[in-house]
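Below is one structure, written out as structure tokens; comments come after it.
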Amino acid sequence: MDSQQIAASIARTNNVAGPIGVFDSGYGGLTILEGLRKALPDRDYLYLGDNARAPYGTRSFDLVYRFTLQAVEYLFARGCHLVILGCNTASAKALRTIQQRDLPVLAPERRVLGVIRPTAEAVGALTSTGAIGIVGTPGTVASRSYDIEIGKLHPQLHVYSQPCPMWVPLVENREADGDGADWFVRRDLENLMSLSPDIDTLVLGCTHYPLLIRKIRRYIPEKVRIVNQAEIVGASLSDYLLRHPEIDSRITRGATCGYLTTEDASRFAGMASMFTGRPDITAARIEL
Ligand code: DGL
């Protein structure tokens, strides 16, 4: 769609309620989607994975921003009034610019929310030592988004971050439970804990990482609490919709979920079943 078609489609759906859009670079946001569906089961959802251009974690700021904006425009054109960036990398590198620069022009009544802010809000109540560990893609860690958001909300906390470039490929290649995964997970968590032995709260700052939870648990000290980002984002959205009935009234309630991908639809459906545990997923391929 060109920009005129997008503007026309958005205008056409302005007074029509629609599903909650959930965007991710690929499969990872499905873990966030599951958290949203658990918290708000009666809402309709439309998931979009940009699998053709994933992974985003190693891409430049500009590219992640441009890809994410295209996806948001697409979901708006499909009738979503609220889009959740269920991707840490997109939340880190694109959200702020979209909220501040694009939304006021594109669709001032619509909203785009991310996963980093609600996670940053939650960690303050979880730590006793004040030392928070973050694991994420190289892009998320380099953006320092967690440090910045946690620093704004809880300036007394210390944040220690470790990029884990191999964890997404391990999950996507169905090696999350394989022996090779142990080597990388152990190395990265040892690096993280060497930054501060006081770390007592670990944020999985990438949507793929819950699938490595068994390995992560094995290589992190028992005292460390692992933050469930999907649960936090679900609770935060419930709270947001209570505070914003004008947005909630534009969300349809049929408990349905559609899946869109920019890559092969049947491959998406197979991987999506692995991420969600739902055997019955069907997807449609779209172009951004
Ligand atoms: N979904 C991305 C995230 O949460 C990880 C996958 C990617 O690098 O595209 O950071």
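First listed ligand is number 1; within each ligand, the first listed atom is number 1. Quick note: numbers below take in every heavy atom, side chains included, and nothing from hydrogens, waters or symmetry partners.
Heavy atoms of Thr137 found under 4.0 angstrom from ligand 1 belong exclusively to the side chain.
Atoms of ligand 1 lying under 4.0 Å from any heavy atom of Ser25, numbered from 1 in the order shown and given with element: 1 (N), 2 (C), 6 (C), 7 (C), 9 (O). Near Asp24, meaning under 4.0 Å from any of its heavy atoms, are these atoms of ligand 1: 1 (N). Counting the atoms of ligand 1 from 1 in the order shown, those under 4.0 Å from a heavy atom of His208 are 5 (C), 6 (C). Each of the following atoms of ligand 1 lies closer than 4.0 Å to a heavy atom of Gly57: 7 (C), 8 (O), 9 (O). Close approach of ligand 1 to Tyr56 is summarised as follows: ligand atoms under 4.0 Å from at least one heavy atom of the residue are 7 (C), 8 (O), 9 (O).
Side chains of Thr127 and Asp200: a donor-acceptor N/O pair is present below 3.5 angstrom, by distance only. Remark: the Asp50 side chain and the Ser25 side chain contain no N/O donor-acceptor pair separated by less than 3.5 Å. No hydrogens or angles considered: a donor-acceptor pair under 3.5 Å links the side chains of Thr137 and Thr140. At a cut-off of 3.5 Å, with distance as the only test, a side-chain donor of Asp264 or Ser266 sits close to an acceptor on the other residue.
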Show me the donor-acceptor pairs within less than 3.5 Å that the side chains of residues 201-213 make with the rest of the protein, sequence neighbours left out.
| from | atom 1 | to | atom 2 | distance (Å) |
| --- | --- | --- | --- | --- |
| His208 | NE2 | Glu172 | OE2 | 2.7 |
| Tyr209 | OH | Gly136 | O | 3.1 |
| Tyr209 | OH | Cys164 | O | 3.3 |

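Annotation for His154: atom NE2 counts as buried by contact number, over 12 foreign heavy atoms lying within 6.0 Å.
Ligand 1 lies within reach of Cys206, whose nearest heavy atom is under 4.0 Å from it.
Distances from atom 2 (C) of ligand 1 to the heavy atoms of Gly28, Gly29, Cys87 put Cys87 nearest.
Looking only at protein heavy atoms, the nearest one to atom 10 (O) of ligand 1 is Thr89 OG1, 2.6 Å.
For residues 52-77, the pairs satisfying ring pair (Phe, Tyr, Trp, His ring centres under 6.0 Å) are Tyr56-Phe67, with sequence neighbours left out.
An N or O contact shorter than 3.5 Å is missing between Pro55 and ligand 1 by distance.
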